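Bear in mind the structure is a predicted one, so any value in this text is a computation, not a measurement. Atoms within each ligand, like the ligands themselves, are counted from 1 in listed order.
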Amino acid sequence: MNEIKLFRQTRWRLASWYAGVMGIILALSALGVYEAIDHAHRIAADRELQSIAGRLHDNLEPTLQQPGIISDAAKRFLPNSCVGFHQCSTAIVANHSPGEVFQGSYYIRLLSPTEELLAMAGLKTQGLPMTSPTKSWQFLKDQSKIRYRQITLPLQNSNTPLWGYLQVGSSLADSDQYLASVRLAFFIGFPLALAFVGVASWWLAGRAMRPIHQSYQQMQQFTADAAHELRTPIAAAQATVESVLDTPYLSESDTRETLQILDRQHQRLSHLIQDLLLLTRLDRQVRTSPEQSCGLQDLVTDIAEELAALALNKQVQLQTNIRVDQPLWVTGDEAQLYRLVINLVINAIQHTPEGGKVTLSLEAQDQQAVIQVQDTGVGIAPEYQSKIFDRFYRVNSDRNRQTGGSGLGLAIAQAIAKAHRGKIQVQSRLGQGCSFRVYLPQATKTVPPMLGFGHDTSRNAAND
Ligand code: ADP
């Protein structure tokens with residue numbers, strides 16, 4: 001699968017999953033809100049119904065004498081009522097009565113103990129079914145599908161153990177209409193919200209994948225560059241061997257020269273492999289071991305001593321400038337830190353023409369150790385300054401290849417600095433030299449280097 005297709009497909013999948021999960025969350029939230037509204041309406045309606053039915057029940061009960069007979073006193077509480085099943089079923093009560101009980105949309109039904117309708121009052125309903133009084137709360141529907149909520153209370157007093165039942169109900173038309181409008185808003189709003197979530201997911205997935213895409217491209221570039229760099233010495237060695245094999249007679253000096261070429265290519269190859277292995281190890285290294293620490297004064301002095309011959313050879317003046325009175329320690333791997341600084345100093349010597357100067361200084365700044373490598377060399381143009389830390393990057397690849405550089409020196413230096421929670425900064429002007437500054441956090445307590453892990457052994461470890 002090619003790269004564009006792979007990333008497009010992954011982005012699509014990521015966006016779909018995100019939109020799907022968001023869609024489910026949105027749907028559940030909408031359902032929750034709807035249920036909450038419905039519940040609140042029902043509770044409010046039930047409370048009102050219960051209060052009205054309770055008051056009516058309390059007023060009616062003392063007026064009841066014989067079961068099934070509605071006294072005149074009771075009729076006072078049932079204005080505009082129809083009494084008796086036949087009247088009620090033909091000429092059911094007219095409109096709302098002015099009584100307190102009927103201020104809302106309520107109907108009242110009085111039932112005998114044998115569940116016969118004795119009287120009706122209040123709201124006019126059409127085809128509302130009779131229901132058993134055994135259940136105290138019920139939902140009912142009339143012929144025109146209007147829903148009602150009904151409460152049933154038994155009527156009894158000292159004269160009669162069970163006079164009958166009182167049923168009071170209210171229309172849920174308003175509440176249902178409101179809920180219908182909420183549902184409509186959800187039905188219209190949900191697809192719109194989902195469309196918005198879909199677009200946002202696509203955009204977010206793109207953003208989330210950008211760094212992955214970049215590192216994928218870097219990896220591909222790295223693999224291509226590594227293959228290219230590894231191929232160069234192998235191809236050179238192969239060409240040398242082929243030309244020697246074609247020669248019928250080899251003198252001793254020819255043989256020696258051939259072996260020297262092969263040795264050079266072999267060394268180049270093994271350095272490259274060591275550098276690649278070190279980079280891989282640094283990439284995996286989460287944090288430096290807190291048990292190890294490194295004294296920077298010794299490190300700077302040792303490096304200056306080690307590179308004195310190289311500087312002399314290039315006729316470059318190499319100076320050290322240690323501006324600290326107290327020993328300066330940092331936590332970390334001495335061999336790696338040695339490799340970091342020596343890479344910078346070698347670069348500085350190599351890119352400084354004869355008669356130039358390289359200064360290696362050390363100072364402390366705000367709990368940080370600062371190592372500076374300054375030269376008066378060729379410098380680096382601003383457009384290359386951000387790229388020189390990339391793996392295999394060389395400003396002038398042909399010239400730098402001749403110096404033996406593979407373009408990994410600064411990448412390794414930066415990886416080591418990061419592994420030690422530090423950073424490297426570069427300042428340069430073309431033709432006026434460079435200044436590389438390495439910032440490393442100072443160690444809070446100094447831990448001497450481990451026994452048997454002296455300078456030389458540990459430094460070699462960085463190259464293994
Ligand atoms: P190399 O191993 O090829 O030296 P580096 O990663 O060490 O690779 O450096 C990357 C590039 O940065 C080099 O090719 C060189 O052009 C440039 N560079 C590094 N240090 C200096 C310096 N002190 N002065 C000028 N250019 C430098």
Side-chain angles (χ1 to χ4, degrees), residues 218 221-222 224-226 228-233 264-265 267-280 282-283 300 303-304 306-307 310-311 313-321 336-361 370-419 423-438 462-463:
Q218 274 171 2
Q221 183 67 39
F222 176 74
D225 289 343
H228 179 76
E229 290 296 328
L230 289 169
R231 202 183 54 186
T232 312
R264 265 205 309 278
Q265 300 305 341
Q267 282 198 12
R268 197 170 156 197
L269 203 58
S270 71
H271 278 147
L272 197 62
I273 291 168
Q274 277 169 8
D275 283 355
L276 288 172
L277 284 175
L278 177 62
L279 267 174
T280 317
L282 286 166
D283 281 346
V300 165
I303 287 175
E306 193 169 329
L307 295 181
L310 179 70
N313 203 22
K314 271 221 67 188
Q315 299 194 15
V316 170
Q317 194 188 342
L318 177 60
Q319 277 186 349
T320 52
N321 183 6
Q336 288 184 2
L337 291 170
Y338 193 89
R339 179 76 197 269
L340 188 172
V341 181
I342 205 167
N343 276 3
L344 297 180
V345 183
I346 290 175
N347 272 350
I349 295 172
Q350 277 173 346
H351 295 100
T352 303
E354 273 178 31
K357 196 163 95 178
V358 173
T359 313
L360 174 58
S361 22
V370 184
I371 302 165
Q372 180 173 303
V373 181
Q374 196 164 15
D375 64 59
T376 57
V378 292
I380 304 165
E383 65 266 30
Y384 300 127
Q385 286 175 17
S386 59
K387 296 184 184 159
I388 53 172
F389 294 98
D390 291 351
R391 291 164 190 197
F392 294 112
Y393 187 82
R394 284 176 288 223
V395 175
N396 183 339
S397 38
D398 290 340
R399 186 163 59 89
N400 286 299
R401 200 172 269 136
Q402 279 159 23
T403 65
S406 59
L408 288 177
L410 289 180
I412 289 175
Q414 194 179 51
I416 294 173
K418 276 188 185 160
K423 60 178 179 186
I424 305 181
Q425 282 177 351
V426 60
Q427 276 182 344
S428 178
R429 275 210 190 154
L430 201 57
Q432 292 184 19
C434 282
S435 164
F436 283 88
R437 284 168 80 83
V438 183
N463 295 322

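- The ligand atoms of ligand 1 that sit less than 4.0 angstrom from a heavy atom of A348 are 23 (N).
- Looking at I380 against ligand 1, only its side chain comes within 4.0 Å, counting heavy atoms.
- Within the structure, ligand 1 lacks G377 among the residues with a heavy atom less than 4.0 angstrom away.
- Contacts with ligand 1 closer than 4.0 Å are made by side-chain heavy atoms of F436 only, the backbone lying farther away.
- Closest heavy-atom approach to atom 25 (C) of ligand 1 among the candidates H351, Q350, Q374: H351.
- Atom CZ of R394 sits about 8.5 Å away from atom CG of D225, to the nearest 0.5 Å.
- Of the possible polar contacts, none joining the H228 side chain to the A224 backbone as a donor-acceptor pair under 3.5 Å is found.
- The N/O atoms of N347, backbone and side chain alike, include one that comes under 3.5 Å of an N/O atom in ligand 1.
- Here's the thing with V378: none of its N/O atoms is less than 3.5 angstrom from an N/O atom of ligand 1.
- Residue-ligand proximity, R394 to ligand 1, at heavy-atom distances under 4.0 Å covers atoms 3 (O), 14 (O).
- To the nearest 0.5 angstrom, R264 atom CZ is 14.5 Å from L269 atom CG.
- Applying the 4.0 Å criterion to heavy atoms of Y393 picks out, from ligand 1, the atoms 10 (C), 11 (C).
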Which donor-acceptor pairs under 3.5 Å do side chains of residues 371-383 form with protein atoms, sequence neighbours excluded?
{"residue": "Q372", "atom": "OE1", "partner": "R437", "partner atom": "NH1", "Å": "2.2"}
{"residue": "Q372", "atom": "NE2", "partner": "Q374", "partner atom": "OE1", "Å": "2.9"}
{"residue": "D375", "atom": "OD1", "partner": "G377", "partner atom": "N", "Å": "2.9"}
{"residue": "D375", "atom": "OD1", "partner": "C434", "partner atom": "N", "Å": "3.0"}
{"residue": "T376", "atom": "OG1", "partner": "K357", "partner atom": "N", "Å": "2.8"}
{"residue": "T376", "atom": "OG1", "partner": "K357", "partner atom": "O", "Å": "3.4"}

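- Within a 6.0 Å radius of CD in Q267, other residues, nucleotides and ligands contribute more than 12 heavy atoms.
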Identify every side-chain donor-acceptor pair in residues 314-321 under 3.5 Å, counting partners at least two apart or on other chains, and give the distances.
{"residue": "K314", "atom": "NZ", "partner": "I349", "partner atom": "O", "Å": "3.4"}
{"residue": "K314", "atom": "NZ", "partner": "Q350", "partner atom": "O", "Å": "3.2"}
{"residue": "K314", "atom": "NZ", "partner": "T352", "partner atom": "O", "Å": "3.2"}

field: Evaluation steps, side-chain contact (heavy atoms from CB on, under 4.5 Å), between E229 and L276
entry: CA-CA 11 Å; E229 290 296 328; L276 288 172; over 6 Å; no

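- One option in V358, D275, L410 has a heavy atom closer to atom 6 (O) of ligand 1 than any other, and that option is L410.
- The aromatic rings of Y393 and Y384 sit tilted relative to each other, their planes meeting at an angle between 30° and 60°.
- When non-hydrogen atoms are compared, ligand 1 lies under 4.0 Å from neither the backbone nor the side chain of N343.
- When heavy-atom distances to ligand 1 are checked against a 4.0 Å cut-off, S406 comes that close only through its backbone atoms N, CA, C and O.
- Under the 4.0 Å criterion applied to side-chain N and carboxylate O atoms, R339 and D275 are assigned as salt-bridge partners.
- Distances from atom 17 (C) of ligand 1 to the heavy atoms of D375, V426, V395 put V395 nearest.
- Residue C434 places no N or O, backbone or side chain, under 3.5 Å from any N or O of ligand 1.
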